[in-house]
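Report on one structure; see the data block that follows.
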Number of protein chains: 2
Amino acid sequence: MAATIKDVAKMAGVAVSTVSYALNNSPKISEETRKKVIRAAEELSYRPSGAARNLKKRKSETIGLFLNDLGGPFYSQVIEGVQEVVASHDYNLIVCSTYGGENSSANRFLREKFVDGAIIMGTAIPDSLILQVAAESFPIVVLDRELKSDYVHSVLITNEQGAYDAVTHLIKLGRRRIEFLSGPLAAYDNSKRYDGYKRALTEHSLHVPPKISLQGRYLEAGGYQTVKVMMACKRLPDAIFAANDEMAIGAMRALREGGIRVPEDVAVVGFDNISFGPFVRPSLTTIGHSKYEMGAIATQLVFNVQKEENSILLPTQLVIRQSCGFKGTHNENEESYIFHEGRRNQG
Amino acid sequence: MAATIKDVAKMAGVAVSTVSYALNNSPKISEETRKKVIRAAEELSYRPSGAARNLKKRKSETIGLFLNDLGGPFYSQVIEGVQEVVASHDYNLIVCSTYGGENSSANRFLREKFVDGAIIMGTAIPDSLILQVAAESFPIVVLDRELKSDYVHSVLITNEQGAYDAVTHLIKLGRRRIEFLSGPLAAYDNSKRYDGYKRALTEHSLHVPPKISLQGRYLEAGGYQTVKVMMACKRLPDAIFAANDEMAIGAMRALREGGIRVPEDVAVVGFDNISFGPFVRPSLTTIGHSKYEMGAIATQLVFNVQKEENSILLPTQLVIRQSCGFKGTHNENEESYIFHEGRRNQG
DNA sequence: TTGAAAGCGCTAACAA
DNA sequence: TTGTTAGCGCTTTCAA
């Protein structure tokens with residue numbers, strides 16, 4: 001049986017409150033007593049119960065970051081931004097996958113008040129749950145998702161404008177038949193990006209395809225497959241605007257396998273500027289946004305609880321590389337950016 | 001004030017125990033009562049307190065995965081392996097950075113029994129803490145780290161043999177002056193990899209440099225810097241064996257900037273087979289190991305508590321690409337492996 | 001099938 | 001400076 005505060009008190013010959021004060025560095029306790037308590041605690045390998053402390057204090061000093069996919073190439077910089085700000089408040093951060101639907105850890109943690117605030121990225125947590133649990137004592141920030149309510153803030157990026165910029169760039173390079181390689185139709189960012197795509201075509205008096213024929217579920221394999229099918233069935237476009245980089249890279253793989261040259265025959269532009277975009281061949285032109293900032297700002301909002309809904313809009317930038325045919329000033333050293341420069345001690 | 005179980009009981013006109021049973025789907029409760037309770041709970045937006053439940057049950061049904069660096073290109077597959085097995089036991093997973101030394105979240109969670117078991121990768125958690133907290137009720141598995149004790153298991157990879165294979169490969173290709181680009185000297189895996197390097201040289205009667213002159217801290221920038229310095233100071237080797245891929249890629253960047261051709265002038269081999277190794281130019285020859293398995297097996301060990309120390313050794317494989325000069329059968333489609341094929345709904 | 005009550009391990013108000 | 005004690009919100013034993 002693990003030692004509790006009572007055992008420590010008994011061994012040290014003091015009251016439990018004294019142990020609590022001593023171990024929490026309360027100034028009330030004399031040095032002598034504190035030493036005695038610490039010695040007893042060590043002797044018994046005492047480990048305080050976080051659960052009991054949280055219950056008593058009614059807070060956990062922990063922020064939860066809930067992501068669809070812990071491993072994705074997209075998230076690491078967001079996590080870093082969150083981590084840094086959480087640590088600066090001397091809070092803990094737990095990162096948690098939303099994988100698993102109704103009974104996912106994320107849902108449980110959110111419902112059971114394991115954390116004092118949450119940052120949510122991805123669509124696996126339904127709006128209803130967020131609205132239900134958000135409160136003054138439980139602020140929530142959603143990333144790249146529109147959701148307005150008290151104590152729910154959002155950090156958005158200019159999805160529509162970014163897509164508009166991407167497609168306009170293609171048009172300026174002389175492309176006329178530009179296909180939209182779509183992510184999940186229900187996804188917020190996907191639909192915004194589609195809107196930007198349509199606006200660019202419309203403003204340049206180009207034909208907007210009546211329906212979305214390429215759907216890649218935001219996955220590399222999805223982009224690959226749907227473009228494969230397209231190549232078998234119909235006339236090629238002269239450009240593809242993919243709603244994210246993974247699909248763009250999948251599309252390029254399919255095109256290459258089909259003997260289609262990128263960018264000569266078909267130009268490709270993605271969205272997100274994921275870290276290895278510079279390394280695919282040809283390197284990927286894309287729309288970038290600052291992921292670190294996104295995480296850091298979101299976390300500031302969590303600590304800065306306000307009733308009024310508050311949404312912050314971050315800009316996107318066109319990042320020109322080789323997949324769209326314009327020979328941008330490709331910086332060979334860009335490579336170094338893909339690495340996280342933090343402490344690492346593990347191979 | 002958030003509603004508690006008492007409030008629900010009052011509103012439903014039943015005892016708190018009844019509420020508890022009803023909400024936890026105990027078969028004792030009549031359907032009628034259960035409905036009444038559920039209605040009251042909804043009415044009050046009742047959210048059970050995980051802290052109270054954990055305190056009472058003396059467990060959290062949560063496993064902690066503690067990593068140096070949540071964002072690194074190395075970890076995502078490990079996380080996936082862990083996630084899957086944890087979920088299959090209907091447990092929760094929290095991933096947590098060890099960043100922050102003494103007061104890091106990781107240390108706190110470990111000490112305060114927030115989790116029922118832990119998987120630790122990286123050196124930021126000292127042996128002493130691990131040994132202190134490991135117990136039957138708190139199994140710990142360390143990844144790629146040798147630590148023997150009751151209730152501490154380890155999952156290792158054949159670091160020494162892998163390094164030996166890498167260097168032997170270089171020797172077979174005719175390289176004779178092979179430098180070791182080292183990670184932190186104190187790192188376990190680094191020293192094993194160094195041992196393998198030395199053994200390969202010795203067995204082939206090649207000169208082993210008397211001291212390690214290249215130290216890159218396992219970082220891309222570290223590899224870059226130290227190789228830059230080397231190029232300015234001394235005669236070039238004809239090959240570099242880097243203790244991890246990041247440093248290898250940094251080394252290649254430095255070499256390229258110095259007008260040195262890879263692999264013609266200097267061959268480079270890394271270690272770990274990180275996901276974008278196929279995409280750097282030239283693509284990186286490296287030593288691979290299965291990171292998903294590592295995570296999955298570690299998690300099995302956590303659930304499979306045993307007193308006896310138990311260590312599992314996973315093999316490594318030479319992955320031949322272009323940076324070492326041997327034209328392996330480079331599979332263009334390898335590209336697709338770098339993507340996680342799970343659910344993603346977020347751009 | 002339901003209720004009463006003990007108690008998980010801690011913090012903090014209050015008393016001494 | 002230290003001790004006594006109530007109670008955080010649950011689960012679960014035992015009684016009804």
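- One side chain, A/Asp189 or A/Tyr218, offers a donor N or O that lies under 3.5 Å from an acceptor on the other.
- One finds no side-chain N or O of B/Ser20 lying less than 4.0 angstrom from the OP1 or OP2 phosphate oxygen of D/dC10.
- When the side-chain nitrogen and oxygen atoms of A/Asn24 are compared with OP1 and OP2 of C/dT11, one or more of them lie within a distance under 4.0 Å.
- Counting only heavy atoms from C-beta on, A/Ser17 has its side chain closest to C/dA12 among C/dC10, C/dA12, C/dG7.
- Side-chain to base pairing of B/Lys56 with D/dG9: no donor and acceptor N or O lie closer than 3.5 Å to each other.
- Remark: B/Lys291 does not engage B/Asp144 in a salt bridge, criterion side-chain N to carboxylate O under 4.0 Å.
- Of all nucleotides listed (C/dG9, D/dT11, D/dT13), C/dG9 comes nearest to the side chain of A/Ser49.
- Side chains of A/Thr98 and A/Asn68: a donor on one and an acceptor on the other come within 3.5 Å.
- Contact annotation: B/Arg58 side-chain N/O to C/dG9 OP1/OP2 distance is under 4.0 Å.
- Using a 4.0 Å cut-off on heavy atoms, the residues of residues 3-16 of chain B that approach DNA chain D are B/Thr4, B/Ile5, listed by number.
- The side chain of B/Tyr21 places no N or O atom within less than 4.0 Å of a non-bridging phosphate oxygen (OP1 or OP2) of D/dT13.
- Between A/Ser30 and D/dT2 there is a side-chain polar atom (N or O) within less than 4.0 angstrom of OP1 or OP2.
- A salt bridge does not link B/Glu32 to B/Arg34: none of the charged nitrogens lies less than 4.0 Å from a carboxylate oxygen.
- Remark: A/Arg111 fails to qualify as a cation-pi partner of B/Tyr46 under the 6.0 Å distance and 45° angle criteria applied to the six-membered ring.
- Looking at residues two or more places apart in sequence or on another chain, you find no side-chain contact (heavy atoms from CB on, under 4.5 Å) involving B/Ser45.
- With the end axes of the helix from C/dT1-D/dA16 to C/dA16-D/dT1 each set by five pairs, the angle from one to the other reads 40° at 10° resolution.
- Taking 4.0 Å as the cut-off between side-chain N and carboxylate O, A/Asp150 and A/Lys307 count as a salt-bridged pair.
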